[in-house]
Amino acid sequence: MKLFSTLRLFGIAILLLAEALIFIVSAQDKKISLNVTKKPLSSVLNEIESKSGYSFLVRSNDVDLDEPVTISVSNKSVRDILFRLFNERQIRFEISGNSISIFKPQKVQESTDGKAVETKKVSGLVTDQNGEPIIGATIQVKDNNKLGTISDVNGKFNLEIPLQATLTVSYIGYSPIEVKGPVKDNQNIVLREMSKTLNEVVVVGYGTQKKINLSGSVGMVTADDIASRPVSSVANGLQGLLTGVTVVNPTGQPGSSSSTIRIRGLGTIGNANPLILVDGVEGDMNILNPEDIQSISVLKDAASAAIYGARAANGVILVTTKNLNTKDKKPTISLNAYYGVQTPTRLPEMCDAVDFMTLDNEARTNVGSAIAWNDSQFEKVKTGSSPNYFGNTDWISKVLNSNAPQQSYSLNVNGNVGNSGYIFSYRYFDQDGLTVGNSTGEKRHNLRLKIDSRLLNKVQFTTNIGYTVRNVISPVSSLTSGGGAIYNAMRIAPNVPVHYTDGSWAYGGGNTNPVAILYDGGNNNLDADELSLMAIGKVDIMKGWDITTTYSAINKNSLVKILKKTINFVNPEDPETIVYSYNNPNSLSNADLRQRQQTLIVQSNFDFSVGNHNFSGVGGFEQEWAVLQQFDASRLNLITEDDPTLNLGSTDGMSNDASASQWAIRSFFGRLNYNFSDRYLLEMNYRLDMSSRFSKEYRTGRFPSFSGAWRLSEEPFMAFSRKLFDNIKVRGSWGMLGNQYVGSTDFPYLSVLNEVTGLSTIGTLATSGYTQTTLANPQLSWEKIKMLDFGADVSLLKNRLEITFDWYKKNTSGILLQLNYPAQIGATPSEQNAGSVSNKGWEVNVAWRDKIGQLKYGISLNLSDVKNKITDLAGMSPDLSSYQIRQVGFPIDAFYGYVSEGLMTPDDFGYYDETEKKYSIEKVPVVIGNDYEPGDIKYKDISGPQGKPDGKISPEYDRVVLGSSIPRYTYAFKGDLQYKNIDFSFSVQGVGKCKGYLTGTARHAFQDMAAYPQKIHLQRYNVETNPDPNAAYPRLTYNVSFNQSTFSTYWLEDATYLRLKNIQLGYTLPQHLTRKAKIERCRVYASADNLLTLTDFFYAYDPETPVSSGGYYPQIKTCVIGLNITFQ
Amino acid sequence: MKKYLIIGLMAVLFISCNDEFLDRAPLDTVTNENFWQNEEHLKSGANALYTAMKGKDILNIFESMGESAPWAITTAYRTIGGGNYSTDISQINSLWVSAYYNIGRCNFFLNNYNRTTSVSVDVRERYAAEAYFFRAYDYWLLTSLFGDVPYITKELNIYSDDVYRSRDPRSQVIDSITADLERNYKNLPAYIVPASSGFGRISQGAALALLSRIYLYNERWSDAANAAKRAMGIGYELYSTGNPAEDYRNLFNFTGRASRVSTNKETILAYVYNFDLGEDARTSHNLSRELWVPNDYSRFAPTKTMIETWLTADGKIWNPSTVNTYEGVFENRDPRMKQSILPPNTLWEGKKDGNPNNTNSSIFTYPKFTNDKDGCMTYSGYYLYKYVEPTKVGQVSQDDNDIIFFRYAEVLLNYAEAMEQAGHCTQSTLDSTINKLRDRVGMVHLTLSNIPAGSDLRTEIRRERKVELFFEGHRYLDIIRWKQGDLLGQDLLGVNRRWLDESKLSSGVLNALKWKTVNGDQYLIIETGRTFNSAKHYLLSLPFTQMQRNPNLRPNNPGWD
């Protein structure tokens, strides 16, 4: 009976759900005997169950199970017995497999004129496009919702219907269809899946929403979009995936997470980073295992982001880790592995020794200096007769290997045990760096365990533990722009050898020998682990109302060990003599960083409907607090340089230091959604934030937002369009956001005394001093953002084509600016809420997905533009001392300089002194004070004191705004196709408008003592050999740099590019082969990142870093082969 | 259900009333509110003011702006000295900004130090006197370079009117800062013993030395002499161990540095470095290596005019035409020359010299004119010897030699100059000042009766200052106040070609160099194209950026608008 009641419950559930009936399928006969007198029907059925092995499905409303029955049969089929039992009672039964359904038949339909209508039995099969049966599809007689059934586990159904009736067939996620009457028997009904997006659920702030019901602007990527790509960080993987989201990755160095993410432009002069939340709490997505990620949502407009208030000014990125799949009970094990190689994309090509010496002499001659190299020295290089002083080294190729391996192996296990589900995942990621001497590289272990327990159907308890261990090796001086080994490889003469003939390291002067330093100069070893613990308790108080409490603690610990090893550079003729001792004495410093960030969220979600009025929402409380503590210690004169610990250093000169910071934020938030018939959608958000970063009076910020949408396609009057359009939605939103990240300090409102460095050492003892180096501003408060957004989502042609469009305007006011006060103010001026910036932009995304026979394919294009403009600087005059300015009416840090008109030629001079070989009396306008010769840059005389060209080039009148390095017209184009077992995808990503500028050694030769020429400098202007006014480089000038240091369009780079971001080809082994080995899926693939870049940018560097002084670790191409296996 | 609601509401109410959660204080810094509690606070507040002392930068800046031994090639400071710069050159802005930021710190200190009520008034006033000292030092520098400047003595914030204050007359600024010093210097310790734990702090001696310098720069001769006289009474002595051939030079290397050597009673105030402290606390510079760097060029290049300044050993003006060899330049000269400029046949650490036949790289014999990274090259033909600590040449930025800011010799020279200008210079004045300096090195005395032919007393006193204080950062400012600007406008030249023996050099080296003919001799060119306009260049332009930010600073100095 227990079994029976369980089954009954189960059956009832199905029936209620379908609001209808039971289905019967034919069955085989089994003969049993039965003899009962006046026993309840239920016990009779129970007896039949136990004797026959059949089980019963009963609709209790139809059948009185307590009714006493009497029956006596022997060796009769169940069918016979049931017929006897039920025939008089007007109860019907049907046997299907092992189950028998019992029900009361429908009355014969009365037609409107009162006449009885004839009925017939029809059966059929409901499948999806692929022929897979659909279980539980609803089959109904049109205009009579009492007549209907649902499909069984095989997708089949039986129904008795009026002869002429039309059937409607529907199932969640599929487009409903009608089968016109008269309906034939054995009907095959194919349901077409609705477009993914219509059914898609999107993670939004503190909850999820059906994408179709969104009224704000939210972008989302799913696991598939980033899976199988050999990216070293999740941020890099997002590049080009999301409309309106710009990811710039300045370096390919392992372990460097320096990618910048900008959502809808650059909203502020201060901190413009978006808020990144991992499973609802602030976290670092870059160290996550990409395979743990279920989805990434980007909240772009104020309506979506306002629920995060004071931290949402620059948009919000919500990373959600994989959820438990409660349906599968069997454990599923997946293995993913790839291995590949990285190669550098673009590198500077330096001149060889002979070219360098030739150009050096020319550059010196050009400024009237003596030449540096004589013929005998040239001979020494050419013959190699003096290898210690006249070598010929291509330093770039000596500091970088041609390639380096990258590999990733991961395991994922998930399943259910009793009322609990679990996911366990592990990944090992290993990326070697390109620099020689094993001086760069990262190893990362990611572990995640998620356990989900359900109690009494009311309480759900989730534990989510993430653990990451990282080890990053880098050189002591970082490989960023303007420093480190790669930069120094450009600042050491090519006639210095790597080694002297005796095998010792050669010494290259001030910048030493970068190869020696990479191998023997020590390193920076970061050993970090991050443990994130999250406990979530959810109580369903009643249907549509729950309360969820989340507590999260993120603990980060890292130890940075900087080992500086001594390199003694000796005199090659006299190896006893040390010419230069690098890192002498040697030293080890340890920096131990501990950070704990805790979050508590209590939130309540509700959801109810009154007729066609649907309400849902969330309200809650959140607080977050963090403490960061760092402790440094160092010692000199280590006994061993072979992986030492601190105690192996001398106690003389040991030192220690510490720093710490803390902050807290407390907030209340709420959202209310209303929709009428899924047609009119309204949403309101509100957040109140209180931050420890401001003084009490200015601590509280309030951030409301409103949005609305209209699903035009649902209107009856739009019925005509349904053949073409599946969904038309227009939306609009307005809201306010804040930015609490002010300056570099956590306490900008307090008058903080800072320790002063670089003091004289009074009495030879270390001296510490404290003073106020930055003025305080107790009135400091939030930056405020107001944002307006209008958008439309359209799906058409049976959801094969989807178009999304957004227009927005984002005004940031009260930007925290350090205004340009005169120095007599006495200290670095405090920041104040002063400036305003506007960003206006649009985004469009078009996607097409279809299949032709066995070929499934999809293409999508996204394109966006944002126009950045400073609208207010509190009346302060712009700072004109740099090549980038901040001026009202122009983008933040717009380029500002002269307009070049090519290079001067002898024709531009009025006089030539034959003996001195000097040109003079310029016939074109020039900057007063420079000693011009042919081959110098000519500038356009734009204006003068009288408002018209004055024949002089002056900084006041002839400089103009020349463009901006903020990328515009960012786009991406993606495609994928699948044919049988083969899959292929590619993505192209690029920027349509962007300017760049390269300074110093990155671009110039002979600007200073250690600026060596690149091959491109061979194409310089030379009055005899290359008198081309449009030459690639002005005349060379030793130590004279007015051409180089004067910013003009001559030096402006076009930083637009188009990049084949990823291309991937995969093959899935046929299942019939792999299933024998319990392998559900086995796919092998090849994938390549950054394979190809088309750009007019300066050849040596990547256009993603449009402004730099070069020398940073190059961008990389990565080509891998990989394997995905799923066991079940 | 209601239960949950009530608990939730109570929790919310409880937490939201609790402000402590959000009242967080900085963990690793102190705020002005909780500072100024004890003497340690007071002292570290005063320590922060010592950034006003620029350390080794005073040489980089003021020697490069001068004409005696400027930084050989790239440096914008030499451009400033050479007159070819525009108002937006960043270096004059840096000079201005660092001075006003230091003044701002002094004002902040002076506005707050009396809150340290737990400390005796005497102690408080001692540190306050340091603040007055540094404020005076920076205003002295500002007025010397720029003339009239805004005089700020209050702690300002972004709302203060004085942020846009216009310029105050130089004389008014000088009156105020000298009054501050006169009023407060006695609160300082009279004398700080060399090699003691307090060496490097401000003493009465330093304050009086500064005071005499300020008066001298502003031509208040009797005040200058009076302040110098007071300093002369404190007990300072010239550093001497009875070794006239080395004592002068040793004052500027590890042998005599006052921070470690208690017998140096001459250094009044030095910027002290110590590389041996831990990695985070160590302080050092790179001067010795810059002067003799074995694989590059010697950074500071002594010039022709400087070489000609040292008198002959018998006190006559040196005549270049009497010399025919490089070695001869160093012979029979004021003994201070051989201790200032590296003479041939001296031990050095510059490795290979210019003579290919010299097999001993530890001895300098001949200047090296090619920069092939194998030995120390010179752009003028001369190398500095003063301020070189040979043991620190081999390593980058590990030099922790003292950089002298005030020494007793300057006080003596201030006194002699002030007395002469005031018309009170007697033989005894000279004997108590200049001749003491000469006695240390064994140089003949300057006597009123035996002024070198073709010269006069004032010229000789100025020469003495140029010689004695060579390469200590005084020269540019002395030229400016002596109104000898034409010296700055001349070409910077080096060695005379006639003195160089081609057989002691690699072949063809001299032909590749650029020479300028002066009086029939060819001199090596360091820099040409310099200019000095006496209607313009005695004061620097105000920084363009500052005029843009504070238009009340205009008009700019004469000749600059």
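Convention: sequence-line order gives letters A, B, ...; per-chain numbering from 1.
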Atom group of B:Lys56 that falls short of 4.5 Å from chain A, counting heavy atoms = neither
Using a 4.5 Å cut-off on heavy atoms from C-beta on, say whether the side chain of A:Tyr770 contacts that of B:Val30.
-> yes
Chain A contact via B:Leu553 - which portion, at a heavy-atom distance below 4.5 Å = side chain
At a heavy-atom separation under 4.5 Å, does B:Lys351 approach chain A through its side chain, its backbone, both, or neither?
-> side chain
For B:Ser196, is it the side chain, the backbone, both, or neither that has a heavy atom closer than 4.5 Å to a heavy atom of chain A?
-> backbone
Using non-hydrogen atoms and a 4.5 Å limit, figure out which bit of B:Glu349 sits close to chain A: side chain, backbone, both or neither.
-> neither
Between A:Ser604, A:Ser587, A:Ala776, which has the largest tally of heavy atom pairs under 4.5 Å with chain B?
-> A:Ser587
With a 4.5 angstrom heavy-atom cut-off, which part of B:Asn112 approaches chain A: side chain, backbone, both or neither?
-> neither
Cut-off 4.5 Å, heavy atoms of chain A, and the answer for B:Ile103 is neither
Answer whether the closest heavy-atom distance between the side chains of B:Leu277 and A:Thr761 falls below 4.5 Å.
-> yes
Max heavy-atom pairs within cutoff under 4.5 Å with chain B, candidates A:Ala827, A:Ser692, A:Ser655, goes to A:Ala827
For B:Asn107, is it the side chain, the backbone, both, or neither that has a heavy atom closer than 4.5 Å to a heavy atom of chain A?
-> neither
Proximal component of B:Tyr159, with respect to chain A [non-hydrogen, under 4.5 Å] | side chain
Side chain, backbone, both or neither: which part of B:Asn550 has a heavy atom under 4.5 Å from chain A?
-> both
If you tally heavy-atom pairs under 4.5 Å against chain A, which of B:Gly104, B:Gly200, B:Pro26, B:Ser197 wins?
-> B:Pro26
Residue pair B:Leu22 / A:Ser691, side-chain heavy-atom distance below 4.5 Å = no
In terms of side-chain heavy atoms, does B:Ser44 have a donor or acceptor partner in A:Ser768 at a distance below 3.5 Å?
-> no
Flag side-chain contact, heavy atom, 4.5 Å: B:Gln548 against A:Asn820 | no
Side chain, backbone, both or neither: which part of B:Arg260 has a heavy atom under 4.5 Å from chain A?
-> side chain
Applying a strict 4.5 Å limit to non-hydrogen atoms, the region of B:Phe108 in contact with chain A is side chain
Proximity breakdown for B:Tyr271 and chain A, heavy-atom pairs closer than 4.5 Å | both
